[in-house]
2 protein chains.
Amino acid sequence: MTAAPMRIGDVARLAGTTPRTIRYYEEIGLLPDAPARPSGQHRLYSTKELERLREVMRLKHLLGVSLEELKTLLSAEEARATVRARLREEDVHPERRRELLSESLGHIDRQLELVEHRAAELSKLQEELTQTRRRVRKLLREMDVPAQV
Amino acid sequence: MTAAPMRIGDVARLAGTTPRTIRYYEEIGLLPDAPARPSGQHRLYSTKELERLREVMRLKHLLGVSLEELKTLLSAEEARATVRARLREEDVHPERRRELLSESLGHIDRQLELVEHRAAELSKLQEELTQTRRRVRKLLREMDVPAQV
DNA sequence: ACTGATCTTTACGTTCACGTCAATTTCACA
DNA sequence: TGTGAAATTGACGTGAACGTAAAGATCAGT
């Protein structure tokens with residue numbers, strides 16, 4: 001029932017990157033160290049880690065931030081994962097539970113703010129381009145009925 | 001009536017960058033060489049060039065592409081500028097005029113495609129984040145009425 | 001137990017996008 | 001006409017994000 005663990009080469013192929021990049025991300029702390037591995041032994045990954053890598057690459061692509069900024073952004077996600085784990089243990093004090101949740105909410109809000117800002121800027125650019133396109137097409141249409149004036 | 005020409009330091013300040021960057025962009029052909037200047041003499045710019053620089057920086061920021069890719073993207077814009085200039089001369093053959101216009105349209109479409117794609121990806125991410133946010137807030141609200149179950 | 005493919009660490013190399021001297025020159029202004 | 005601030009080219013330096021080569025270790029399959 002436990003999905004076959006993958007090696008770094010497989011993960012790299014599936015994510016569309018290279019082993020070197022994965023090791024680098026691990027080195028700078030952008031990805032967590034591969035779980036419990038005596039140094040010298042091969043890294044083993046589950047689909048869980050593969051998807052994490054994909055998310056990292058996606059955010060890097062979409063937000064175009066430095067790996068350092070990305071790290072702090074993802075530390076939020078990291079924290080949320082921890083929160084989810086803690087919350088699954090039912091025996092957390094309500095007090096503490098509320099703390100964890102609203103902390104998590106703060107992290108999400110920070111990410112959302114960044115993303116919303118970017119999205120807004122982009123759609124503005126998109127609109128401008130669409131406008132320009134309309135103008136050019138209008139000029140072209142006017143050429144089809146030159147005797148109109 | 002001719003707006004006072006600015007020097008590279010002024011342009012840099014107004015655009016929020018440095019003289020070095022402007023020279024670099026000019027060097028790699030991302031910005032056109034400052035108009036008619038005997039080498040050794042100071043570069044002089046009009047607000048026209050300032051805005052061009054700003055647009056370059058904006059696109060770089062929003063699309064996060066390499067300066068090389070940006071150069072090809074802007075060569076389209078360059079071409080459109082040329083088209084506009086040619087079109088202002090009223091004496092272009094209709095045949096040629098149509099050619100120029102549809103060529104211009106093609107360039108715009110290429111840019112639009114890229115921008116639309118990015119915008120779509122971003123808004124998808126935005127929606128996902130919003131969803132997550134909703135879920136966390138729901139959990140928080142449920143804590144306010146614990147006796148509900 | 002062997003073997004070839006893959007992985008390990010270490011370390012130096014590379015590209016991009018500028019930063020930073022340095023020596024000289026140009027420019028606006030008194 | 002001098003003078004200080006800003007600009008010029010040229011060259012080397014730098015941080016980020018990996019690439020690449022080397023020498024050895026580990027793993028899956030026979």
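These values consider heavy atoms only, across backbone and side chains, with no hydrogens, waters or symmetry-generated copies.
We find that A/D109 and B/R137 are not joined by a salt bridge, their nearest charged nitrogen and carboxylate oxygen being 4.0 Å or further apart. In this structure, A/R13 pairs ionically with A/D10, as a charged nitrogen and a carboxylate oxygen lie closer than 4.0 Å. A salt bridge does not link A/R52 with A/E49: every distance from a Lys NZ or Arg NE/NH1/NH2 to an Asp or Glu carboxylate oxygen is 4.0 Å or more. A salt bridge is defined here as a Lys NZ or Arg NE, NH1 or NH2 lying under 4.0 Å from an Asp or Glu carboxylate O, and B/E121 with A/R58 fails to meet this definition.
With DNA chain D read from its 5' end, the first of the two nearest nucleotides for A/K60 and B/Y45 is the one closest to B/Y45. For the pair B/S39 and B/R7, both in contact range of DNA chain D, the more 5′-proximal nearest nucleotide belongs to B/R7. A residue-by-residue look at A/G40 and B/Y25 shows that A/G40 has its nearest nucleotide of DNA chain C further toward the 5' end.
Taking side-chain N and O atoms only, A/R43 has no distance below 4.0 Å to OP1 or OP2 of C/dC7. In this structure, A/T18 does not reach the D/dC18 phosphate: none of its side-chain N or O atoms is under 4.0 Å from OP1 or OP2.
Minimum atom distance to the side chain of A/H42 is reached by D/dC27, of the listed D/dC27, D/dA17, D/dG19. Nearest to the side chain of A/Q41, among D/dC27, C/dT8, D/dG19, sits D/dC27. Of the candidate nucleotides C/dA17, D/dC18, C/dC18, C/dC18 has the atom nearest to the side chain of B/T21.
In this structure, A/I28 reaches neither bases nor backbone, as no heavy-atom distance under 4.0 Å exists between it and the strands shown. Across all strands, A/R20 comes closer than 4.0 Å to base atoms (heavy-atom distances). As judged by a 4.0 angstrom heavy-atom cut-off over every strand, A/R23 is placed among the base-contacting residues.
The nearest whole Å value for the distance from the CZ atom in A/R13 to the C1' atom in C/dC7 is 12 Å. Whole-Å rounding puts the A/L70 CG to D/dC18 P distance at 11 Å. Rounded to whole Å, the distance from CE on A/M6 to P on D/dC27 is 17 Å. Look at CD1 on B/I22: it is 17 Å from P on C/dA17, rounded to the nearest Å. Rounded to an integer number of Å, the gap from A/R37 CZ to D/dC27 P is 11 Å. Following rounding to the nearest Å, B/L30 (CG) and C/dC16 (P) show an atom-to-atom distance of 14 Å. Taking atom CD1 of residue A/I8 and atom P of nucleotide C/dT8, one finds them 5 Å apart after rounding to whole Å. Here the C1' atom of nucleotide C/dT10 and the CD atom of A/E26 are 16 Å apart, to the nearest Å.
Between B/T17 and B/V11 there is no side-chain heavy-atom pair separated by less than 4.5 Å.
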